[in-house]
Asker: 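This is the structure, below, for whatever I ask next.
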Amino acid sequence: MTETAHRLPAPIPSATPWFSPAATTYTLFCPPLDTSPHIARDFVATVLRALGLDTLVDAAALCTSELVTNACVHAKGGGSVLRLAVETWRVRVIVYDGDENPPVMRELTPGGWEEGGRGLYLVDALTEGHWGTVAVRDGGGLFHPDGKAVWFVLAASSGSLSR
């Protein structure tokens, strides 16, 4: 398994994206449709609000939308799978897809902010560099036997989880 985590300007090692046994997980299949990023964003926001994690909703929803959009636009195959894990100290979102190519943060020039290319920069900023990508082999991606997982983590404030 190859893992890459990103913090601008250079990659840094980070925790693996897999869930701990203590995590409560939620799963959503995202077909390759224009509506999937919106549905995924609403799914994550609804779960986090229900758990009393309102302070994480905006960042988690935007990052989720960016990762699912990337999967819909760039990954080949039958859609993606979103897994949301909630623990007492963090929220982790993983988007699995059938494309083995990791996402690329494009070099942005002064004129490069028009259309596209900002998503991973937003994810990096909102997660304070706690995101990455992992190559997945032999069923790790649920619906995709091979591909990748792109993930991010947001820290939950102590005592904010009402489970």
Asker: For L48 and V91, run side-chain contact (heavy atoms from CB on, under 4.5 Å): C-alpha distance rounded to whole Å, both residues' side-chain angles, the deciding distance at 0.1 Å, then the answer.
Answerer: CA-CA 9 Å; L48 295 181; V91 170; 3.9 Å; yes
Asker: Can you name the closest pair of heavy atoms from A155 and L56 and give their distance?
Answerer: O-CD2, 3.4 Å
Asker: Measuring from atom CG of D58 to atom CG of L126, what distance do you get when rounded to the nearest 0.5 angstrom?
Answerer: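 The CG atom of D58 sits 9.5 Å away from the CG atom of L126.
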Asker: Which heavy atom in A149 sits nearest to a heavy atom in V136, and how many Å separate them?
Answerer: N-CG2, 3.7 Å
Asker: Run the side-chain contact (heavy atoms from CB on, under 4.5 Å) check on L67 and I94 step by step: do they pass?
Answerer: CA-CA 9 Å; L67 297 189; I94 302 175; over 6 Å; no
Asker: How far apart are the closest heavy atoms of T127 and V153, and which atoms are they?
Answerer: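 Closest pair (atom of T127, atom of V153, distance): CB-O, 3.7 Å.
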Asker: Closest heavy-atom contact between A71 and D97?
Answerer: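 Looking at all heavy atoms of both residues, the closest pair is CB-OD2, 3.7 Å.
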Asker: Nearest 0.5 Å, please: how far is CZ in R92 from CZ in F152?
Answerer: 10.5 Å
Asker: Under 4.5 Å between side-chain heavy atoms, counting indirect links through other Ile/Leu/Val/Met/Phe/Trp/Tyr residues: same cluster for L51 and L154 or not?
Answerer: yes
Asker: Identify which one of V47, T24, L28 satisfies the side-chain contact (heavy atoms from CB on, under 4.5 Å) criterion when paired with L84.
Answerer: V47
Asker: Are Y26 and V68 linked, directly or through intermediate hydrophobic residues, by side-chain heavy-atom contacts shorter than 4.5 Å (ILVMFWY only)?
Answerer: yes
Asker: Cut-off 3.5 Å, no hydrogens considered: what does the side-chain donor-acceptor table look like for residues 36-45, sequence neighbours left out?
Answerer:
| residue | atom | partner | partner atom | Å |
| --- | --- | --- | --- | --- |
| S36 | OG | P31 | O | 2.5 |
| H38 | ND1 | R41 | NH2 | 2.7 |
| H38 | NE2 | D42 | OD2 | 3.0 |
| R41 | NH1 | S65 | OG | 3.0 |

Asker: What's the shortest heavy-atom distance between E66 and V123, and which atoms?
Answerer: CB-CG2, 3.9 Å
Asker: Looking at side-chain heavy atoms only, is the closest gap between V95 and T64 below 4.5 Å?
Answerer: no
Asker: If every non-hydrogen atom of L53 is compared with every non-hydrogen atom of A156, which pair is closest and at what distance?
Answerer: CD2-CB, 4.3 Å
Asker: Would you find a donor on one side and an acceptor on the other, under 3.5 Å apart, between the side chain of K148 and the backbone of N101?
Answerer: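 It does hold such a pair.
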